[in-house]
Amino acid sequence: MTGETVIAKRDALRRYRTPHEQLWDEVAELSMPRKITSVGGDGALPPMIDSAQLHDSTLRTASLMLANGFCSLVTPREEVWHNLTPPKALRDNDKVTKFYRECSEEITYRLEQSNFYTEIQEVYLDRSSMGTGLDFSEWDTENDELNFRHLPIGTYYIGQDHRGRVDAVVYESNYTAQQAATEFGIDSLPEKLQREARDPKQNGSHVFIICVDKNREWETPSNFPYEMTCVHQDSKQVVHAQGYYEMPAHVTRYLKWGNSPYGYAPTWVALPEAHKLSFLQKQMDVLAEKAANPPILAPSSLEGEIGVGALDITYVNDLDPNRAPREWQTSGRYDVGQDRIEQKKKAIMEIMHGDLFRLFAQIERQMTATEASLRQAEKVMQFSPTFSRLTSEYLDPKLRRIFSILWRQGKMPQAPEEIQMVTQDRNVVVPVPNIAYNNRISLAIKSQQNSAYSEFMAINQMGIEMNPAILDNLDGDTQFRDGWRNAGLPEDSLRPQEEVEETRQARAEQQAQQQQMEQAQQAASMVKDASAANGGEIPEELSAALQG
């Protein structure tokens with residue numbers, strides 16, 4: 001891509017973002033002030049609503065809770081929350097399954113050693129409050145480890161293809177001439193920046209436009225599906241270009257906003273409630289202040305003579321005690337206002353899925369395990385759509401790219417020969433794995449299959465007792481193995497099907513041998529008894545039967 005093409009791409013994508021910016025700032029003021037898009041990159045603190053205008057922080061608390069909930073329930077650092085599985089055609093190959101399981105363990109280790117969990121927290125904050133989050137997945141050659149880089153909301157532009165998948169990301173970055181020379185190489189910079197880089201007195205900042213876009217068939221041929229181009233804005237000179245086998249930038253949207261490439265967040269739904277709640281809290285503050293410091297009704301003759309401080313004395317005429325100052329009562333109902341506030345807070349928490357993340361803490365009575373499971377299922381089903389979008393458009397491609405990066409860097413275990421493939425440039429590759437999730441949200445969704453099976457068996461228990469043969473309709477092994485996995489129990493504890501068949505065959509052979517021994521003992525006993533009853537000779541009928 002040329003410099004002019006990159007700048008034109010940015011300008012074209014800008015029109016999709018502009019309608020969202022004002023709403024982002026309004027939402028940020030009430031939910032996440034440091035995400036305000038109008039803040040520049042000079043390190044200045046973001047503008048915040050004055051405390052005299054904002055009287056409630058429920059939406060801010062709920063936004064943090066939602067983002068933290070994603071961290072703890074979807075990608076928890078302390079748990080193995082993902083699992084690589086082979087393509088469907090290779091699932092019966094035990095060696096291939098073991099290889100991908102070992103790759104999953106390597107990814108888990110590499111993520112823990114990187115900045116993955118700190119950066120994805122920022123992505124979740126953007127996603128929960130603004131509706132869209134973005135980060136890059138890269139390999140840090142200097143430290144020989146994975147590196148993740150979050151871009152704040154409002155600092156980038158995104159585009160999507162005809163299927164609604166993000167395929168272009170453009171953002172601006174400020175570098176001094178020395179920083180640009182270190183990043184891109186001094187020879188690739190315009191002559192003016194080369195002179196500045198060699199002059200220690202120069203420390204001016206320059207704008208560089210970075211575009212990551214998908215290569216298309218009708219454009220310049222390339223060996224890579226994606227290409228990154230960096231352009232110096234003033235000179236329009238390309239200072240760096242690089243190809244990628246996978247999209248390095250991963251965008252997640254809470255839910256889609258029409259045909260826009262940007263998403264929308266539940267904070268947008270909660271925005272009217274947050275404004276009303278702040279107004280109610282203001283009224284309650286006024287009512288509480290009046291109750292603590294009530295207005296006073298006094299005759300004009302006592303103007304300036306009424307003591308309002310502690311132990312102050314106000315003297316009145318003994319002959320006319322009715323002219324003494326008195327409290328001017330107000331008729332405000334604090335309890336009614338408090339009820340309205342609780343209703344608004346509850347509405348915001350429900351919109352932000354706070355009741356899911358604090359499910360058991362909010363249970364007000366003793367519940368059986370079945371009731372708790374049903375309560376959890378109800379909340380999880382409401383959360384399922386955004387969880388599905390998170391995994392399909394963000395976590396799945398991110399984990400596949402991480403797998404590919406580690407494979408190219410030689411960090412993965414040795415692959416079985418039957419899945420190794422050699423490309424035209426003589427590189428060895430393996431099939432891209434499928435992704436399964438073992439986090440608590442995924443397991444809660446899967447557990448509904450187990451619950452449905454248990455409920456079905458309980459309903460039909462009487463019929464099974466009357467006619468056990470109806471169980472022949474079920475594949476008990478498949479149901480048991482699926483139930484084991486849906487419960488999130490360790491895969492290593494589940495014996496391979498081949499081993500199960502061998503165990504069953506050995507047991508059947510042992511039972512057959514035992515049965516033959518018992519039959520031989522019974523025959524010998526019959527011969528002995530018949531011989532004793534027939535004067536020591538075996539009856540001809542019994543002898544013929546034994547021989548037959």
Side-chain angles (χ1 to χ4, degrees), residues 1-21 24 37 41 119 122-123 126-127 130-139 147-174 183-184 207-233 236-264 389-390 392-402 404-405:
M1 298 179 68
T2 64
E4 291 80 2
T5 304
V6 170
I7 294 176
K9 182 79 172 181
R10 179 201 61 183
D11 295 340
L13 295 180
R14 177 178 289 162
R15 65 188 181 91
Y16 294 111
R17 197 187 81 178
T18 301
H20 295 264
E21 293 175 352
W24 284 344
T37 60
E119 293 300 294
E122 294 295 330
V123 174
D126 282 351
R127 184 179 192 268
M130 304 299 166
T132 308
L134 181 148
D135 70 345
F136 280 78
S137 303
E138 301 162 319
W139 181 255
N147 180 70
F148 301 90
R149 182 164 50 93
H150 161 258
L151 295 186
I153 188 72
T155 63
Y156 55 84
Y157 308 92
I158 59 177
Q160 61 184 2
D161 61 14
H162 61 290
R163 295 180 177 175
R165 297 172 300 192
V166 174
D167 63 351
V169 174
V170 182
Y171 65 97
E172 299 171 356
S173 185
N174 294 323
E183 179 71 18
F184 309 117
V207 177
F208 291 83
I209 305 172
I210 297 94
C211 175
V212 180
D213 198 4
K214 184 177 182 179
N215 285 319
R216 294 166 178 83
E217 296 179 357
W218 57 87
E219 297 177 339
T220 304
S222 175
N223 295 327
F224 298 95
Y226 297 90
E227 184 177 357
M228 185 272 285
T229 307
C230 182
V231 176
H232 178 238
Q233 179 173 257
K236 299 181 181 179
Q237 178 175 326
V238 176
V239 299
H240 181 70
Q242 180 179 350
Y244 292 95
Y245 289 105
E246 309 88 20
M247 180 62 167
H250 302 106
V251 177
T252 173
R253 287 138 330 162
Y254 196 91
L255 289 174
K256 284 293 296 292
W257 178 270
N259 294 325
S260 171
Y262 298 91
Y264 78 90
R389 176 172 288 277
L390 174 66
S392 62
E393 77 172 5
Y394 179 73
L395 292 177
D396 284 358
K398 176 179 285 291
L399 288 173
R400 291 192 179 102
R401 170 159 170 79
I402 292 171
S404 299
I405 290 175

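These numbers come from the heavy atoms of this one structure, side chains and all, not from hydrogens, waters or symmetry mates. The shown structure was predicted, so the numbers you read here are calculated from the model rather than taken from an experiment.
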Inset, instruction - Could you tell me whether the side chains of D135 and Y394 share a donor-acceptor contact shorter than 3.5 Å? - result: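 Side-chain D/A pair, D135 to Y394: present.
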Pairwise distance [atom1]([X]) to [atom2]([Y]) - rounded to 0.5 angstrom:
{"X": "C211", "Y": "E227", "atom1": "SG", "atom2": "CD", "answer": "9.0 Å"}
{"X": "Y262", "Y": "I158", "atom1": "OH", "atom2": "CD1", "answer": "5.0 Å"}
{"X": "D126", "Y": "I153", "atom1": "CG", "atom2": "CD1", "answer": "5.5 Å"}
{"X": "I210", "Y": "Y171", "atom1": "CD1", "atom2": "OH", "answer": "4.5 Å"}
{"X": "I7", "Y": "Q233", "atom1": "CD1", "atom2": "CD", "answer": "6.0 Å"}
{"X": "T229", "Y": "I209", "atom1": "OG1", "atom2": "CD1", "answer": "11.5 Å"}

Inset, instruction - Kindly confirm or rule out a cation-pi arrangement of R17 over Y157, judged by NZ or CZ under 6.0 Å from the six-membered ring centre and within 45° of its axis? - result: yes
Side-chain donor or acceptor of [X] paired with backbone N/O of [Y] under 3.5 Å:
{"X": "T132", "Y": "G263", "result": "yes"}
{"X": "E122", "Y": "R149", "result": "no"}
{"X": "R216", "Y": "K214", "result": "yes"}
{"X": "T5", "Y": "M1", "result": "no"}
{"X": "E119", "Y": "H150", "result": "yes"}

So do [Y] and [X] actually touch side chain to side chain, heavy atoms under 4.5 Å?
{"X": "P225", "Y": "N215", "result": "no"}
{"X": "V212", "Y": "P248", "result": "yes"}
{"X": "L395", "Y": "H250", "result": "no"}
{"X": "R10", "Y": "E172", "result": "yes"}

Specify the closest pair of heavy atoms between [X] and [Y], including all atoms of both residues, with the distance to one decimal.
{"X": "P397", "Y": "S392", "value": "CD-O, 3.5 Å"}
{"X": "G159", "Y": "L13", "value": "CA-CD2, 3.7 Å"}
{"X": "V169", "Y": "A249", "value": "CG2-CB, 3.9 Å"}
{"X": "K398", "Y": "F148", "value": "NZ-CD2, 3.9 Å"}
{"X": "N259", "Y": "Q160", "value": "O-NE2, 2.7 Å"}
{"X": "S137", "Y": "I405", "value": "O-CD1, 4.0 Å"}

Legend entry - Mutual orientation of the aromatic rings belonging to H20 and W257 [parallel < 30°, tilted 30-60°, perpendicular > 60°]: perpendicular
Legend entry - Worked check of side chain to side chain contact (heavy atoms under 4.5 Å, CB included) between R127 and L390: CA-CA 10 Å; R127 184 179 192 268; L390 174 66; 3.4 Å; yes
Legend entry - Pairs flagged by salt bridge (Lys or Arg N to Asp or Glu O under 4.0 Å) wherever residues 247-264 is involved - sequence neighbours left out: R253-E393
Inset, instruction - Please collect all salt bridge (Lys or Arg N to Asp or Glu O under 4.0 Å) contacts where either partner lies in residues 241-252, sequence neighbours excluded, each pair once. - result: E246-R401, E246-R408
Legend entry - Residue list, salt bridge (charged side-chain N to carboxylate O under 4.0 Å, His left out) with K9, at least two apart or on another chain: D213
Legend entry - With sequence neighbours excluded, residues passing salt bridge (charged side-chain N to carboxylate O under 4.0 Å, His left out) with D161: R165
Inset, instruction - Applying side chain to side chain donor-acceptor pair (under 3.5 Å), name anything that partners Y264, two or more places apart in sequence or on another chain. - result: none
Inset, instruction - Only counting residues at least two apart or in another chain, list the ones meeting ring-ring contact (aromatic ring centres under 6.0 Å, His included) with Y16. - result: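 With neighbours one apart ignored, the set is empty.
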Legend entry - F184 and F208: CA distance, side-chain angles, deciding distance, ring pair (Phe, Tyr, Trp, His ring centres under 6.0 Å) verdict: CA-CA 11 Å; F184 309 117; F208 291 83; 5.7 Å; yes
Legend entry - Verdict with supporting geometry, N174 and V207, side chain to side chain contact (heavy atoms under 4.5 Å, CB included): CA-CA 5 Å; N174 294 323; V207 177; 3.3 Å; yes
Legend entry - Y156 and L134: CA distance, side-chain angles, deciding distance, side chain to side chain contact (heavy atoms under 4.5 Å, CB included) verdict: CA-CA 9 Å; Y156 55 84; L134 181 148; 3.8 Å; yes
